[in-house]
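Heads up, the thing below is written out as structure tokens.
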Amino acid sequence: MRLLLCLFALTSSFCAAASQPNIIIHFIDDLGYGDIGPFGAVKQKTPHLDRMAREGMKLTSFYAAPVCSVSRAQIMTGCYGARVSVPGVYPPGAKNGLHPQEHTIADRLKPLGYATQCIGKWHLGDQPAFLPTKQGFDHYLGIPYSNDMLKTASVDGRRVVPLVRDDQVERLLDEADQDRIEEIYTDEAVKFIRSTQATKNPEPGTKNTAQPFFLYFPHTAVHTPIHPGKAFQGSSQNGRFGDWVQEVDASVGRVFDTLRELQLDTNTLVIFTSDNGPWLIKGPDGGSAGPLRGGKGTTWEGGVRVPTLAWWPGKIAPGSVCDAVAGTIDVHPTCLKIAGAEVPAQPVLDGRDLSPLLFGQSKDSPREAHYYFSSYNLQAVRQGPWKLALMTQGNARAKGQTEDDAKTNPRLYNLDQEIDERTNLAAQHPDIVAKLTALAEKMTAEIGGNEPKSRRPPGEVENPVTLYPTSDKPKERRFSSADTKAVTNRLSLLKPGDKLDADKAPQIANTPFTLTCELTTAQRDAILIAHGGASTGYALHLSGGKLMWAIRHGKTLTTAQTDYPADNQPHRITAILGKKGQLTLQLDQNAPITATSPGLIRTQPKEDFCLAHDNKVPVATYTAKGKFEGKIVNVKVTAN
């Protein structure tokens, strides 16, 4: 397919090269809406970004995704992560990554004559088949995932991450070595830009006409651990976080200086944005969402609405502001359009060309709506000023807790009137709720949930290994009496709408277990307990008046079910997964119902344990809509 693209574009690429613009994308990690000067930061100074805003455009309603791998898939492919099967975060040595047959921006621009380089945090899979050089980039230099994903190197016992050049580990970096990572990246960026101009011999006074380039610069900063370079340590009034933001600003400044020196500034589009909101649980190291509610890991505005600037002298009006809804999914088709390529009808893209907005030809969003996915779970939808939250959203400041007003669903917010999502207007505007609900249901059927119509496959390799030999042993946890007591205590504190983070949830891998609780509700459809996702897990829910005990093994969902009375009286539920995979479901003292599944749950679910909702990829096929009404108490999960 890529060979056909090359042949198709070969002739036009040589003819158009002289007029094609260069494209640079600065993609910052965990930078919040309030973390740079143009968006209100005062404790750290960002003079180069301030100038970028004065000379270009500030985009105030620009959306990424709750976590990094998803956001990176979106900016590269022009699709929601759910469409391309990138639901969460890839750890080192994962078997999955962005499918090599997906087309990145680099894949599309390279046949048009562009030099392409990725510098920084890739995080779309670290297996050879998933690295940038297999995804359209001529060259790559960077830490291929988050800088906190250190492992113990077999060679010397240090906790390290790899610095990869193209597809080989160039060196191993411990935490102290990370102090130079922004400097290393920026040196490489300047070197790359200069290399694209090295073969030309322009006449005096003429402008550069050398090979156009695409530089994708996903900075490791400002993800924790925070590592500003020595020259920037202590330079801000906001601790080491502010110091690192100032180093990012300086890095952007060096790239701008290089463009101006080489007279490339009037023929280069530069986009500056972030992969998600600030990591608020990290405290002073976590950044700020400014006026927005929530942060990284949530679909509140603060988790996905990111500070964004666009710059192209002579094309983008200086000091302009765009309030229209846009996002990372729109970057791919925008790059294609300005490079002179047609945006393909297939495979389907979710994003749209932003050039009319950037060039002042329109003030309206090119998309019908924006969809807020958390993994494969569609949690909210926005159209114009209206945002409809369809289900409970987490509290980015306190793990495992949910604020009371967030437990009411659906919730309708007017973001133009109240950017911090506090006043639920659903009761006042049922027509808008109905309209946005219909949009959400259509998109969920297309790419969300467990049975989407149009989701493309993930990349997957057999026998994945880390990029360097490690001595870390896989952690295997089984229930102990101490574990059981701790989990029981945590479960007893949960209220409907709450969750336990995955690392504090019941450890049920390769373990027969019993789930018990007392339920009081008159609802006929409701999510009661969910722990897991599309690959593995278990759930207890009501569907059409049936109590369902569900166990998931990949695509196989096994259920045991029994009638549940609508008397709104307390009933005791006992749900068991036996050592040979037998499901047992008993309501009060009634005869137990059984079913046979493929076996025990072999791998520990990576998702949270949720009470009265399912906050990520649905474990089972639910019919519940809206908020749970009733009581779920005395929840226990014990090993058999």
Hey, does the side chain of Asp285 reach the backbone of Thr224 with a donor-acceptor pair shorter than 3.5 angstrom?
no
On a heavy-atom basis, the closest approach of Lys121 and Ser146 is NZ-OG, 2.8 Å
Check ion pair Lys95-Glu462 (N to O, under 4.0 angstrom):
no
Decide whether Asn640 and Thr514 meet the rule of one side-chain donor and one side-chain acceptor closer than 3.5 Å.
yes
Taking only Lys NZ, Arg NE, NH1 and NH2, and the carboxylate oxygens of Asp or Glu, determine whether Asp148 and Arg159 approach each other closer than 4.0 Å.
no
Closest heavy-atom contact between Trp549 and Ala539?
CE3-O, 3.4 Å
Would you mind checking if Arg411 and Glu421 are paired as a salt bridge, meaning a charged N to carboxylate O distance below 4.0 Å?
no
Answer yes or no: is there an ion pair linking Lys625 with Asp525, defined by an N-O contact shorter than 4.0 Å?
no
Does Val619 offer a backbone N or O that forms a donor-acceptor pair with the side chain of Asp614 under 3.5 Å?
yes
Determine, for Lys296 against Asp275, whether the closest basic-nitrogen to carboxylate-oxygen distance falls under 4.0 angstrom.
no
Strictly by modelled atom types, are Arg455 and Tyr376 linked by a side-chain donor-acceptor pair under 3.5 Å?
no
In the structure I gave you, are the side-chain heavy atoms of Leu173 and Leu163 within less than 4.5 Å of one another anywhere?
yes
Could you tell me if the ring centre of Tyr90 sits under 6.0 Å from that of Phe130?
no
Between Trp279 and His223, does the ring centre distance come in under 6.0 Å?
yes
Check the side chains of His227 and Glu175 for a donor-acceptor pair under 3.5 angstrom, ignoring hydrogens and angles.
yes
Pair Tyr185-Thr220, side-chain donor/acceptor within less than 3.5 Å:
yes
If only side-chain N and O atoms count, and only distance matters, is there a donor-acceptor pair under 3.5 Å linking Thr558 with Ser597?
no
Partner of Phe373 by side-chain contact (heavy atoms from CB on, under 4.5 Å), out of Ile447, Val304, Thr444
Ile447
Glu518 bridged to Lys631 by N-O distance under 4.0 Å:
no
Using the ring of Tyr372 (Phe, Tyr or Trp, six-membered ring only), decide whether Lys387 places NZ or CZ under 6.0 Å from its centre and within 45 degrees of its axis.
yes
Any side-chain donor paired with an acceptor under 3.5 Å for Asn615 and Asp608?
yes
Taking side chain as C-beta onward, heavy atoms only, is His26 less than 4.5 Å from Tyr216?
no
Could you give the distance from OG (Ser374) to CE (Met391), rounded to the nearest 0.5 Å?
9.5 Å
Are any of the side-chain nitrogens in Arg72 or Asp29 under 4.0 Å away from the carboxylate oxygens of its partner?
yes
